[in-house]
Number of protein chains: 2
Amino acid sequence: MAHEVERRALAEYLEKHSLKHTKQRDAILDVFLEAGQHVTSDDVYQRVREQHPGIGYTTVYRTMKLLCEAGLAQEQTFDDGITRYEIEHEHHDHLVCTKCGKIIEFECSMIEAAQNDIARAYGFRVLRHRHELYGHCEDCREG
Amino acid sequence: MAHEVERRALAEYLEKHSLKHTKQRDAILDVFLEAGQHVTSDDVYQRVREQHPGIGYTTVYRTMKLLCEAGLAQEQTFDDGITRYEIEHEHHDHLVCTKCGKIIEFECSMIEAAQNDIARAYGFRVLRHRHELYGHCEDCREG
DNA sequence: ATAGATGCAAATGTTTTGCAGGAAA
DNA sequence: TTTCCTGCAAAACATTTGCATCTAT
């Protein structure tokens with residue numbers, strides 16, 4: 001069975017919090033892990049219903065939140081106002097193409113360092129951040 | 001009369017685009033300029049109704065969009081999903097306190113430079129960006 | 001006179017909530 | 001057999017749109 005590690009992580013989280021281990025939660029986790037990065041709740045809903053037509057919107061929303069709390073997923077909100085989820089992984093930022101919708105991840109230790117300096121200068125304790133560059137990607141910029 | 005420069009800029013924009021110069025548009029511009037940074041459409045609506053009780057939500061929304069197109073306002077969307085507007089000014093980023101809601105602006109030329117490097121590396125033409133650090137401000141961080 | 005603006009109500013699209021029935025512990 | 005989940009329908013929320021009316025030009 002696929003995604004053994006993540007399934008076990010979910011099971012542990014559920015047990016630790018006296019929550020219940022259901023088919024729906026496993027199904028949604030599987031679909032999410034399979035679907036790749038930056039999926040919306042609706043993406044997950046559509047895909048999970050291919051295998052499990054009974055599942056409801058509500059359950060998807062609730063489960064995606066749960067996966068975030070369990071540290072398996074991470075929420076991202078871009079400028080279109082739709083919440084997206086990605087598999088929890090190393091700290092990074094995004095380039096978003098406003099023509100084709102492509103999302104590219106990047107990392108930059110120089111920016112990280114500068115952020116820390118700024119936070120310190122303002123007495124701020126930074127818990128999370130977002131950093132997105134919007135524009136046209138290589139394929140979409142003409143001329 | 002206050003905000004002469006901006007009123008004139010709006011008038012010019014309207015004329016150039018064959019749009020009409022109405023009391024509502026002036027009133028909303030005034031309120032927006034008076035209200036300070038990072039106001040929501042609802043903020044503007046509440047304030048403008050103190051002087052002009054007849055004005056509708058719709059007009060505020062439409063006019064804030066218009067002010068953006070005219071280059072007098074600038075849209076900002078933070079993680080709460082509510083669109084905010086600020087007076088168009090030099091490029092900058094934001095520190096957002098998730099306890100008290102305070103928003104602090106900062107500028108960092110090092111980050112700007114790094115962004116340009118990254119865009120170049122990916123063949124991206126950056127049109128705009130957002131960069132927000134969420135956490136607790138000096139007054140809200142305890143211990 | 002006429003293109004464009006207004007304001008109400010209704011629609012939109014995403015996400016959340018109430019609740020009765022259902023499944024896991 | 002109790003606690004937690006599910007799924008539906010309805011609500012919530014910010015924002016947009018249809019449309020009849022009104023106003024600036």
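The shown structure was predicted, so the numbers you read here are calculated from the model rather than taken from an experiment. We name chains A, B, ... by the order of the sequence lines, and we start the count at 1 in each one. Because only heavy atoms are used, hydrogens play no part in the values below, and waters and symmetry mates are left out as well, while side chains stay in.
Looking at heavy-atom distances under 4.0 Å, A:Thr40 makes no contact with the nucleic acid at all.
If you take CZ of A:Arg62 and C1' of D:dT6, they are 7 Å apart, rounded to a whole angstrom. Summarising the geometry, the separation between CD1 on A:Ile55 and P on C:dA23 is reported as 14 Å, rounded to the nearest angstrom. In this structure, CG of A:Leu10 is placed 11 Å from P of D:dC5, rounded to the nearest angstrom. Atom CG in B:Leu14 sits roughly 13 Å away from atom P in C:dG4 (whole-Å rounding). B:Gln76 places its CD atom 17 Å from the C1' atom of D:dA14, with the value rounded to the nearest Å. At whole-Å resolution of the value, CG in A:Leu66 and P in D:dC5 are 8 Å apart. The NE2 atom of B:His21 sits 11 Å away from the P atom of C:dT6 (whole-angstrom rounding). At whole-Å resolution of the value, OH in B:Tyr57 and P in C:dA5 are 22 Å apart.
In this model, no side-chain donor or acceptor of A:Lys23 finds a partner on the base of C:dA23 within 3.5 Å. On a pure distance criterion of 3.5 Å, a polar donor-acceptor pair joins the side chain of B:Thr58 and the base of C:dC8.
OP1 or OP2 of D:dT15 sits under 4.0 Å from a side-chain N or O of B:Tyr61. Between D:dG7 and A:Gln24, a contact under 4.0 Å exists linking OP1 or OP2 to a side-chain N or O. At least one side-chain nitrogen or oxygen of A:Thr22 sits closer than 4.0 Å to the OP1 or OP2 atom of D:dT6. Dashed line: the shortest gap from a side-chain N or O of A:Arg25 to OP1 or OP2 of C:dA24 is not under 4.0 Å.
Atom SG of B:Cys97 sits about 8.0 Å away from atom CD1 of B:Ile104, to the nearest 0.5 Å.
Between the side chains of B:His129 and B:Glu112, no donor-acceptor pair of N or O atoms lies under 3.5 Å. In this structure, a donor-acceptor pair under 3.5 Å is absent between the side chains of A:Glu69 and A:His17. Checking B:His3 against B:Glu34 by side-chain atom types alone, a donor-acceptor pair falls below 3.5 Å.
The residue from A:Lys102, A:Glu86, A:Gln76 that alone fulfils the side-chain hydrogen bond (donor to acceptor under 3.5 Å, both in side chains) condition with A:His38 is A:Glu86.
Comparing A:Thr59 and B:Leu19 by the nucleotide of DNA chain D whose heavy atom lies nearest to each, the residue mapping closer to the 5' end is A:Thr59. Map B:His17 and B:Tyr45 each onto its nearest nucleotide of DNA chain C; the residue landing nearer the 5' end is B:His17.
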